[in-house]
2 protein chains.
Amino acid sequence: MEITNQVKNQLSEAGLKATHPRIVVLRELVVSNDHPTAERIHENIKIDNPSISLGSVYRVLDVLVDAGLIQRVSVRSGSKRYDANMSPHGHLYCLQTNKIQDFYDEELYELINEFFRKKRIRNFKINEIKLQVNGERIDPDAEITIT
Amino acid sequence: MEITNQVKNQLSEAGLKATHPRIVVLRELVVSNDHPTAERIHENIKIDNPSISLGSVYRVLDVLVDAGLIQRVSVRSGSKRYDANMSPHGHLYCLQTNKIQDFYDEELYELINEFFRKKRIRNFKINEIKLQVNGERIDPDAEITIT
DNA sequence: TCGCATTTGAGAATAATTCCTAAATGGAAA
DNA sequence: TTTCCATTTAGGAATTATTCTCAAATGCGA
């Protein structure tokens, strides 16, 4: 309930109508941490919201991305993935397990941002900087740990 | 002709049969600099090679990516794009014009590589590091210049 | 509460990519 | 240099992912 209100606020602050499909989709993304596809989001929400169509999930996701509330992540195989975490971070993508793992490092993002502040790129307005590290788990059953 | 031989060598060195479709597709990617889609590659080569099917272009591109001879670039709209330039560089992607511009900076890549050398990511073998900067041209008709 | 611009549901349509199978072929070995 | 065969290809069907269409529903400002 608390998260629902938080999500409603996010929508209004972004100048978007807080419609039921938007609240539900954004909420689902905020509580999930596995970078789901549109289809998986649809599956997860339809138990409680059987009337929300897959087409609407896609449409809502587009709106949320354009509003800067979520981001899209492209991976090798299958559908696009979505992430409600908009703090600066990169993605580790494992080709074998198809899992995406967030990956924070303030220092690295400081470096990259600093770089683009200094670099003069004329005639281009930067919207987002994506850093994605593709690879494979050595042991597919074990977790990836970052220290 | 020189490029064709170079491309043949690349294929054999990667342990791949130097088949006609592979030579032609890789050659086309090496000489083009606009990050074409599979369909565009097919269009460009079919004047001289009408028998190479679009399905084969896709199959060949997959093989070349897996062999590390080319890379895939994902963009917001439409098909995946391909790039035969494997030296460390990032991509500027303009949402309006759908153009991708290469973007070199040894210093930045030094920073990122250094970062991953120091950072301990356990149970993960890094295959590639992708840096993509999405944005929009301010004047869609003018070029993006980097200094 | 009303009015209406915006959004949605349902499903058709399109776009992008992969899959299938018989035929072709590159290149290792003789 | 020819033979042989595992690999690759052509052509087209099939599948997957996403977008589109439009009448009906709905959030929200007045």
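Lettering follows sequence order; numbering is per chain, from 1. For the numbers below, each heavy atom of this structure counts, side chains included, while hydrogens, waters and symmetry mates do not.
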To the nearest 10°, let me know how far the axis at one end of the helix from C:dT1-D:dA30 to C:dA30-D:dT1 is tilted from the axis at the other, five pairs an end.
50°

Could you list the donor-acceptor pairs under 3.5 angstrom formed between side-chain atoms of residues 28-36 of chain A and any protein atom two or more places apart in sequence or on another chain?
unit_1	atom_1	unit_2	atom_2	d
A:E28	OE2	A:N44	ND2	3.0
A:S32	OG	A:E28	O	3.3
A:S32	OG	A:L29	O	3.4
A:H35	ND1	A:I100	O	3.4
A:H35	NE2	A:D102	OD1	2.8

Looking only at heavy atoms, the pair that brings B:T37 and B:S79 closest together is CG2-CB, 3.8 Å

Those residues that, when tested against B:R117, pass salt bridge (charged side-chain N to carboxylate O under 4.0 Å, His left out) (two or more places apart):
B:E110, B:E114

Taking any heavy-atom pair under 4.0 Å as a contact, classify A:A38: base, sugar-phosphate, or nothing.
nothing

side-chain contact (heavy atoms from CB on, under 4.5 Å) with B:R137: of B:L95, B:L92, B:T97, only one passes, and it is B:T97

Figure out the CD1/P separation between A:I41 and D:dT18, and round it to whole Å.
11 Å

Provide the start and end nucleotides, 5' to 3', of the part of DNA chain C that has atoms under 4.0 Å from heavy atoms of chain B.
C:dA16 to C:dG27

Side-chain atoms of residues 6-16 of chain A: list all donor-acceptor pairs with protein atoms under 3.5 Å, sequence neighbours left out, distances to 0.1 Å.
unit_1	atom_1	unit_2	atom_2	d
A:S12	OG	A:K8	O	2.8

Along nucleotides 8-15 of chain D, 5' to 3', which nucleotides get a B, which get an S, and which get a -, given that the test is a protein heavy-atom distance under 4.0 Å?
SBBB----

Spacing between A:E39 atom CD and D:dT18 atom C1', to the nearest angstrom:
11 Å

Sidechain-backbone polar pair: B:N49 side chain, B:I52 backbone, donor-acceptor under 3.5 Å
no

Spacing of A:R81 atom CZ relative to D:dT18 atom C1', expressed in whole Å:
17 Å

For A:M86, the hydrophobic cluster (side chain heavy atoms closer than 4.5 Å, chained through members) also holds none

In residues 138-147 of chain A, what donor-acceptor pairs under 3.5 Å come from side-chain atoms, sequence neighbours left out?
unit_1	atom_1	unit_2	atom_2	d
A:D139	OD1	A:D141	N	2.9
A:T147	OG1	B:R122	NH2	2.9

Which ones in residues 66-78 of chain A lie close to DNA chain C, meaning a heavy atom under 4.0 Å from one of its atoms?
A:R76

Taking side chain to side chain donor-acceptor pair (under 3.5 Å) as the definition, give me every residue that meets it alongside B:K125, ordered by chain and number, with sequence neighbours left out.
B:N127

Whole angstroms only, please: what is the CD-P distance between A:E13 and D:dC28?
14 Å

List the atom pairs, donor and acceptor, that lie under 3.5 Å between side-chain atoms in residues 64-72 of chain B and the rest of the protein, sequence neighbours left out.
unit_1	atom_1	unit_2	atom_2	d
B:Q71	OE1	B:K130	NZ	3.3
B:Q71	NE2	B:N85	O	3.2
B:R72	NE	B:Y82	OH	3.4
B:R72	NH2	B:D62	OD1	2.6

A:V133 side chain reached by B:F116 side chain, heavy atoms, under 4.5 Å
yes

Which residues end up grouped with A:I47 if you chain together Ile, Leu, Val, Met, Phe, Trp and Tyr wherever their side-chain heavy atoms are less than 4.5 Å apart?
none

B:K80 atom NZ is separated from D:dT18 atom C1', nearest whole Å, by 12 Å

Is there a side-chain polar atom (N or O) of A:Y58 under 4.0 Å from OP1 or OP2 of D:dT18?
yes

Euclidean distance, atom CG of residue A:D62 to atom C1' of D:dT19 [Å, nearest integer]
9 Å

If we ignore hydrogens and angles and just use 3.5 Å, is the side chain of B:Q132 paired with the main-chain N or O of B:S74 as donor and acceptor?
yes

